[in-house]
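Both counts, for ligands and for their atoms, begin at 1 and track the order of listing. Everything numeric in this text was worked out from a predicted model, so none of it was measured.
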Amino acid sequence: MPQSVYLDMDPGHDDVLALLVALASLEVEGVTTVAGNQTVDKTGRNARRVLDIAHYKTISVHGGSAHPLFRPLVTAGHVHGSTGLDGYQIPAGLRHVDIAADAQAWLASEFSRHSSGITWVATGPLTNVAAFLMGHNHLIPSIAQLVIMGGALHGGNITAHAEFNFYVDPDAAHWVMTSGIPIRLVGLDVTHQALLSPQALDRFAGFGTEVGHMLHDLFAFYFEHEPHASPQGTPVHDVLAVAAVVHPEFFIWRRLHLLVERCREDRRGQVIIVPEEAAPSSVEVAIDIDSERFFKWMWEVLISRYAADPIV
Ligand code: BDR
Ligand code: CA
């Protein structure tokens, strides 16, 4: 029986890959969406459409925060386009979908059904997650682990010092990092090591299904727009958070106390390591990845679920 998870995301090309791999390797209980790569109406619609295209119509999508906790929204149209999923033409029948804007209430009712053991995966700005933790203290014990794509110990991708998800809502990221909840943090330190090669496009097209066609068109666009894409390949950030749930042994983890910069605008969203705390931190940071094993697993998962012919 696969492990069950809740997903919080802002699709977004790499969120789509994360969602498809999660659907094929885990038991996805539902999806909440947040503003980040695009506005929350678009990220919610994108999640719904991808679920419908992949034939997961019964998995529900719940819209969350439309903007960061205390700041105006910054989106990533330069990477994901004006729809959040530019490059792929949504089939006509799926262009108009409605998403309930009830993420906080839905999460509360779901999490109150479990006294423990929840795995929550967040691959967008941490606004929904932080707001939930602030408002539902009594439900925190039900969360066994929070696996997050975000942050970087070194460097950044939206500024020289910050990763996009932490930059967009640094207040939320700081709240979550210091919450004491068991966290696995998958940041740019590893996502910039695991590059999807340009040959992936032919492989996606070779699936011979609508999902394969969608992945081909989405990633053809993404290869052109992801700032760290090169002829060697492109980072595919969010799917590594899913890999960290299913195969934490693909990574090397280091336990660190972290803060997130919220005051200095030029360092906004930067991860700050706190030296020498007496108590062990609840945050484990991925500092290295076996990319070969990760990609071998990712392709097996995708091909087994989404290819018409298993030999692609
Ligand atoms: C993160 O930012 C977004 O653009 C991606 O979806 C990913 O979650 C990478 O910095
Ligand atoms: Ca994302």
Side-chain angles (χ1 to χ4, degrees), residues 5-22 31-40 42-47 50 61 63-65 68 73-88 120-129 146-170 172-173 176 184-196 215 218-219 221-229 233-245 260 268-271 285-286 289:
V5 290
Y6 291 86
L7 304 180
D8 186 77
M9 49 177 39
D10 62 338
H13 295 66
D14 55 325
D15 299 81
V16 169
L17 188 59
L19 175 57
L20 291 169
V21 170
V31 178
T32 53
T33 51
V34 67
N37 285 328
Q38 264 305 341
T39 51
V40 75
K42 293 180 183 176
T43 58
R45 276 204 300 267
N46 290 343
V50 170
V61 178
S65 302
L73 177 63
V74 177
T75 59
H78 60 293
V79 182
H80 302 277
S82 64
T83 63
L85 286 185
D86 276 18
Y88 173 64
W120 200 4
V121 181
T123 60
L126 290 168
T127 321
N128 285 347
V129 176
L146 192 49
V147 182
I148 295 166
M149 191 282 132
L153 297 182
H154 306 285
N157 62 355
I158 181 82
T159 69
H161 304 289
E163 180 280 329
F164 177 77
N165 291 335
F166 275 31
Y167 177 86
V168 172
D169 200 339
V176 174
R184 281 208 157 127
L185 187 66
V186 177
L188 300 182
D189 308 288
V190 287
T191 69
H192 280 176
Q193 289 183 49
L195 304 180
L196 183 74
L215 285 170
L218 286 177
F219 278 87
F221 181 93
Y222 186 75
F223 265 104
E224 298 292 317
H225 294 82
E226 154 63 47
H228 285 80
T234 180
V236 280
H237 312 283
D238 293 342
V239 65
L240 270 67
V242 176
V245 176
V260 180
R268 167 180 169 174
Q270 181 177 2
V271 170
V285 186
I289 178 171

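The atoms of ligand 1 that sit less than 4.0 Å from any heavy atom of Asn157 are 9 (C), 10 (O). Counting atoms of ligand 1 from 1 in the listed order, those under 4.0 Å from a heavy atom of Thr123 are 8 (O). Heavy-atom proximity to Met149, at under 4.0 Å, picks out these atoms of ligand 1: 1 (C), 7 (C), 8 (O), 9 (C). Within ligand 1, counting atoms from 1 as listed, the ones closer than 4.0 Å to a heavy atom of Phe164 are 2 (O), 3 (C), 4 (O), 10 (O).
Restricting Asp238 to its N/O/S atoms, the shortest distance to the Ca ion (ligand 2) is reached by OD2. For Asp10, the N, O or S atom closest to the Ca ion (ligand 2) goes by the atom name OD1.
Here's the thing with Asp14: one of its N/O atoms is less than 3.5 angstrom from an N/O atom of ligand 1. Among the atoms of His237, none of the N or O lies under 3.5 angstrom from an N or O of ligand 1.
Taking the six-membered ring for Trp and the full ring otherwise, Tyr167 and Phe164 have centroids separated by 6.0 Å or more.
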side-chain contact (heavy atoms from CB on, under 4.5 Å) between Phe166 and Leu185, intermediate numbers included:
CA-CA 12 Å; Phe166 275 31; Leu185 187 66; 3.8 Å; yes
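Because the distance cut-off is set at 3.0 Å, Thr123 qualifies as a neighbour of the Ca ion (ligand 2) through one of its N, O or S atoms.
For His13, the closest heavy-atom approach to ligand 1 does not fall below 4.0 Å.
For the residue pair Asn46 and Thr43, no side-chain donor N or O sits within less than 3.5 Å of a side-chain acceptor on the partner.
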